[in-house]
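A short write-up of the structure that comes next.
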Amino acid sequence: MEKARTELLIPVRCYDLAATLTSGQAFRWRFVDGRWEGIIGEHWVRLKNAPDAIVAQTAIPVSNWHWLLDYLQSDVEIESILSSFPVDEPMRASVGLCRGLRLLRQDPWECLASFILSSTKQIVQIQQIVGLLGSRFGKPLETPPGHEPVYSFPPADTIAAATEQELRGCKMGFRAPNLLRSARMIARREVDLEAIRSLELGKAREELLRLPGVGNKIANCILLFAYGFQGAFPVDVWVMKALRQLYFPKRRPKAERLLRFTNTYFGPNAGYAQQYLFHYMRVHGRQAKG
DNA sequence: TCAGACCCTCACAG
DNA sequence: ACTGTGAGGGTCT
């Protein structure tokens, strides 16, 4: 067993923490004094970019850091993924804006719950709701002395035992019944989130779609951000805008036509491509109407 | 196939 | 300051 310590140097090239942690994949990160503070499972952790590395700090000594390396996906060779993208102007512009935008590998339940809460919400609002859920239903975690309290994301069993009113108290509005019913289905093992890991993409998606509040977009988010199905391609309003503006500026293709386009055009790492397009639109497309 | 409803909060006008 | 208005990483009917 390795010696337990509170700091780890993770050698990695081309990893943009800021872009990755604010890209709408995960909702538990804050930028404080030049570093990123967040919660992964039951760990409070602080991250900082260094030359060709990420420096990680925890509140209590850790001997096995697998949870962090798996979450960050720092072993992924991003350059080979970037070079698998289609060679066109939109992708060139998107990648040029920010190399080192990564996909995280999150816990399926937390990811699922977060994205049920995401529908017609802005990212800051999702962060607020997830934070409230943690503070009301999560478990307090160790932090550095004097640090404000932080909480783990409450497990499905805990949410399943809550009432709709309690959940609405976390400002999630009409999403509350969806979260509650989904949590109950998972608590009863009507849907087995672990078993989904070993399914094929299509079957995995079918399973997720059984959950209330999970449609195609959110299912694809979970497939991509939690299970690592890199062919999953979530299409939200931003990506839809990107497709229309960047790929079909003259025509007015129907949504179905665009979806068919995404199924083949972006190749084996379509999920990464989608994330770069999303980022591009968030930077450039704010006031542009699609 | 397709609007509308759905809770609530924040940004932005005026 | 204060109220009015619109829209926000969708889903369901």
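Every chain is numbered from 1, with letters handed out A, B, ... down the list of sequences. Since this is a predicted model, take the numbers as computed values, not measurements.
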TODO: Compare the minimum distances between each of dC7(B), dT11(C), dT9(B) and the side chain of Thr120(A), then state the nucleotide with the smallest one.
DONE: dC7(B)
TODO: Would you please name every residue forming a side-chain contact (heavy atoms from CB on, under 4.5 Å) with Arg92(A), sequence neighbours left out?
DONE: Glu89(A)
Open item on the list: Can you say whether a donor on the side chain of Lys121(A) sits under 3.5 Å from an acceptor on the base of dC8(B), or the other way round?
Closed with: yes
Open item on the list: Base, sugar-phosphate or nothing for Pro212(A)? Non-hydrogen atoms, less than 4.0 Å.
Closed with: sugar-phosphate
Task: Phosphate OP1/OP2 of dC7(B): any Arg168(A) side-chain N/O under 4.0 Å - done: yes
- [ ] Give one of base, sugar-phosphate or nothing for Gln125(A), where a contact means two heavy atoms less than 4.0 Å apart.
- [x] base
- [ ] Would you check if Phe174(A) stacks with the base of dC7(B), given a 5.5 Å centroid limit and a 30° plane limit, both strict?
- [x] no
Open item on the list: Taking the ring centre of each residue, are Phe27(A) and Phe225(A) less than 6.0 Å apart?
Closed with: no
Open item on the list: Regarding Ser114(A), tell me which of base, sugar-phosphate or nothing describes its non-hydrogen contacts under 4.0 Å with the strands shown.
Closed with: nothing
Open item on the list: If I pick the P atom on dC7(B) and the same atom on dT3(C), what distance separates them, to the nearest angstrom?
Closed with: 25 Å
Open item on the list: Measuring only the P atom in each nucleotide, how far is dT9(B) from dA1(C)? A whole number of Å is fine.
Closed with: 22 Å
Open item on the list: What contact category does Asn216(A) fall into here, base, sugar-phosphate, or nothing, at under 4.0 angstrom with non-hydrogen atoms?
Closed with: sugar-phosphate
Distance-only criterion, 3.5 Å: show the donor-acceptor pairs between side-chain atoms of residues 68-77 of chain A and protein atoms not counting sequence neighbours.
from: Tyr71(A); atom 1: OH; to: Trp29(A); atom 2: NE1; distance (Å): 2.9
from: Gln73(A); atom 1: OE1; to: Arg105(A); atom 2: NH2; distance (Å): 3.3
from: Gln73(A); atom 1: NE2; to: Asp70(A); atom 2: O; distance (Å): 2.8

Open item on the list: Applying a 4.0 Å non-hydrogen cut-off, can you work out what Glu256(A) is touching in the nucleic acid: base, sugar-phosphate, or nothing?
Closed with: nothing
- [ ] Measure across Phe233(A) and Gln274(A) and return the closest heavy-atom pair with its distance rounded to 0.1 Å.
- [x] CE1-CB, 3.5 Å
TODO: Looking at every strand, decide which applies to Phe115(A) at a 4.0 Å heavy-atom threshold: base, sugar-phosphate, or nothing.
DONE: nothing
Open item on the list: Nearest heavy atom decides the nucleotide; on that basis, is Phe225(A) or Leu209(A) closer to the 5' end of DNA chain C?
Closed with: Phe225(A)
Task: For DNA chain C, the dot-bracket pattern of Watson-Crick and G-U pairs whose distances stay under 3.5 Å, | for other-strand partners - done: .|||||||.||||
Open item on the list: Please classify the nucleic acid contact of Val124(A) as base, sugar-phosphate, or nothing, using heavy-atom distances under 4.0 Å.
Closed with: nothing
Open item on the list: Once you apply a heavy-atom cut-off of 4.0 Å, does Gly213(A) come out as touching a base, just sugar-phosphate, or nothing?
Closed with: sugar-phosphate
Open item on the list: Just by distance, no angles: are the side chains of Gln165(A) and Thr163(A) close enough, under 3.5 Å, to form a donor-acceptor pair?
Closed with: no
Open item on the list: Classify Glu164(A) by what it touches in the nucleic acid, base, sugar-phosphate, or nothing, heavy-atom distance under 4.0 Å.
Closed with: nothing
Open item on the list: How long is the straight-line distance from CZ of Arg251(A) back to CZ of Arg257(A), given to the nearest 0.5 Å?
Closed with: 8.0 Å
Task: CA sep, side-chain torsions, deciding dist, call: Leu47(A), Ile10(A), side-chain contact (heavy atoms from CB on, under 4.5 Å) - done: CA-CA 10 Å; Leu47(A) 303 175; Ile10(A) 305 167; 5.5 Å; no
